[in-house]
Amino acid sequence: MLGELKEEVLKANLALREYGLVTLTWGNVSGRDREKNLVVIKPSGIDYSQLSPDDMVVVDLDGKVVEGQWQPSSDTATHVALYQAFRSIGGIAHTHSDYATSFAQACLPIPCLGTTHADHFHGPIPVTRFLTADEVEREYERATGLAIVEAFAQIAPLEMPAVLVAGHGPFTWGENPMEAVNNSLVLERVAQMAFHTILLNARVGNLPDHILHKHFQRKHGPEAYYGQKKAREG
């Protein structure tokens with residue numbers, strides 16, 4: 001079942017390690033089959049070097065295992081909550097990468113200080129609130145997903161494909177699993193740049209809005225002109 005998506009999700013999970021975004025088994029990637037409303041996700045706690053496509057676990061949008069020999073990632077309920085709320089996304093990645101996690105632990109959004117950030121994220125990377133004791137006790141992982149959704153009440157998920165969970169770490173997403181991983185990589189790099197920029201100048205201001213919007217729109221807007229257009233048929 002979903003053999004192609006399993007291959008895609010495995011490749012994306014292995015890319016987390018290749019990009020230096022995970023330590024040991026601290027991370028996971030999932031992908032969604034929109035037609036079947038099923039999710040493929042990494043199994044919990046298994047070393048990346050031991051993974052094969054057959055190790056990927058298939059769950060439904062309630063988080064119930066449909067196929068697989070292993071327990072799915074402990075963050076599965078968070079992924080499912082995001083797929084339920086953000087219908088346009090097809091892949092989710094979660095890491096504990098150094099700089100993005102540092103901002104999450106400091107409970108600080110990552111400010112947009114330059115055009116590298118603006119090329120990928122339409123504004124500062126938001127940070128969630130802390131979960132309540134009751135939320136942690138009842139449905140911790142699902143509550144994490146709902147706190148992310150709450151933080152995006154006024155934010156378009158595909159214009160801001162990243163979030164910092166307070167005290168925890170980053171989640172990113174995209175149209176497919178590898179795009180979610182690429183967004184994790186970019187997030188870590190802009191977090192590192194922001195950290196060093198603030199060290200150099202603690203009074204630095206945000207990138208002016210007109211430059212922020214220009215850089216984001218030229219790459220992602222309706223009249224985007226960054227990169228190459230697909231060749232016309234014929």
Side-chain angles (χ1 to χ4, degrees), residues 12 16 19 21 27-32 75 78-97 99-130 143-195 197-198 205-224 226-227:
L16 288 182
Y19 293 158
L21 295 172
N28 45 73
V29 182
S30 70
R32 176 184 179 183
D75 294 308
T78 304
H79 288 241
V80 167
L82 296 180
Y83 285 125
Q84 290 173 336
F86 302 158
R87 299 286 181 171
S88 57
I89 70 175
I92 297 170
H94 171 50
T95 76
H96 293 261
S97 58
Y99 285 91
T101 300
S102 295
F103 275 92
Q105 291 181 167
C107 298
L108 292 173
I110 302 173
C112 182
L113 302 178
T115 61
T116 308
H117 182 131
D119 280 338
H120 297 275
F121 305 110
H122 201 191
I125 311 300
V127 59
T128 70
R129 63 174 174 80
F130 278 116
T144 299
L146 295 179
I148 293 172
V149 174
E150 177 186 308
F152 276 71
Q154 304 298 324
I155 303 173
L158 289 184
E159 291 190 5
M160 181 55 61
V163 69
L164 306 175
V165 176
H168 186 167
F171 282 82
T172 60
W173 46 82
E175 294 185 358
N176 55 64
M178 190 56 72
E179 185 174 288
V181 170
N182 289 339
N183 286 333
S184 288
L185 178 60
V186 175
L187 175 65
E188 179 64 5
R189 295 296 179 264
V190 299
Q192 183 177 15
M193 292 176 191
F195 181 87
T197 301
I198 294 167
N206 289 330
L207 186 71
D209 283 348
H210 62 282
I211 301 177
L212 163 62
H213 299 324
K214 176 65 175 180
H215 268 263
F216 186 82
Q217 292 299 328
R218 74 174 188 161
K219 193 168 185 178
H220 304 284
E223 298 181 5
Y226 177 90

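Checked by atom type and distance alone, the side chain of Asn176 pairs as donor or acceptor with a backbone atom of Glu179 at under 3.5 Å.
Nearest approach of Phe103 to Pro109, heavy atoms of both residues: CD2-O, 3.8 Å. Residues Gly90 and Pro177 come closest through the heavy atom pair O-CD, 3.8 Å. The shortest non-hydrogen separation linking Cys107 to Ala166 is SG-CB, 4.0 Å. In terms of heavy-atom proximity, Pro111 sits nearest to Asn206 at CB-OD1, 3.5 Å. Nearest heavy atoms, Val149 versus Ala85: CG2-CB, 3.5 Å. Considering every non-hydrogen atom in both Ser30 and Tyr83, the closest pair reads OG-OH, 2.7 Å.
In this structure, Phe195 and Tyr99 have perpendicular ring planes: the angle between them is above 60°, well past the 30° mark. A parallel orientation is assigned to the rings of His122 and Phe216, their planes being inclined by less than 30° (bins at 30° and 60°). Ring-plane geometry between His117 and Phe121 is classed as perpendicular, the angle between the planes exceeding 60 degrees on a 0 to 90 degree scale with a lower cut at 30.
Separating the NE2 atom in His120 from the CD1 atom in Ile125 is a distance of 10.5 Å, to the nearest 0.5 Å. A distance of 8.5 Å separates CG in Leu187 from CG in Asn183, rounded to the nearest 0.5 Å. The distance from atom CG of Leu212 to atom CG of Leu113, rounded to the nearest 0.5 Å, is 11.0 Å. How far CD1 of Ile198 is from CD1 of Ile110: 9.5 Å, rounded to the nearest 0.5 Å. Atom CD1 in Ile92 sits 4.5 Å away from atom CG in Leu82 (nearest 0.5 Å). If you take CG on Leu185 and CE on Met178, they are separated by 11.0 Å, rounding to the nearest 0.5 Å.
Heavy atoms from other residues, nucleotides or ligands lying under 6.0 Å from NZ of Lys219 number more than 12. In this structure, Glu159 places its CD atom where more than 12 heavy-atom neighbours from other residues, nucleotides or ligands lie under 6.0 Å away.
Using a 4.5 Å heavy-atom cutoff, the side chains of Thr116 and Val190 are in contact. You'll find the side chain of His79 reaches within 4.5 Å of the side chain of Phe171, heavy atoms only. Under the 4.5 Å side-chain criterion, counting only non-hydrogen atoms from C-beta, Tyr19 is in contact with Asn182. Using a 4.5 Å cut-off on side-chain heavy atoms (C-beta onward), Leu164 and Gln105 make no contact. Under the 4.5 Å side-chain criterion, counting only non-hydrogen atoms from C-beta, Pro126 is in contact with Val163. Side-chain contact between Thr95 and Pro170: present, with at least one pair of heavy atoms (C-beta onward) separated by less than 4.5 Å.
When each of Gln192, Arg189, Glu188 is tested with Ser97 by the rule side chain to side chain donor-acceptor pair (under 3.5 Å), just one qualifies, namely Glu188.
For Thr172 and Ser184, the side-chain atoms include at least one donor-acceptor pair closer than 3.5 Å. Residues His94 and His96 have side chains that bring a donor and an acceptor to within less than 3.5 angstrom of each other.
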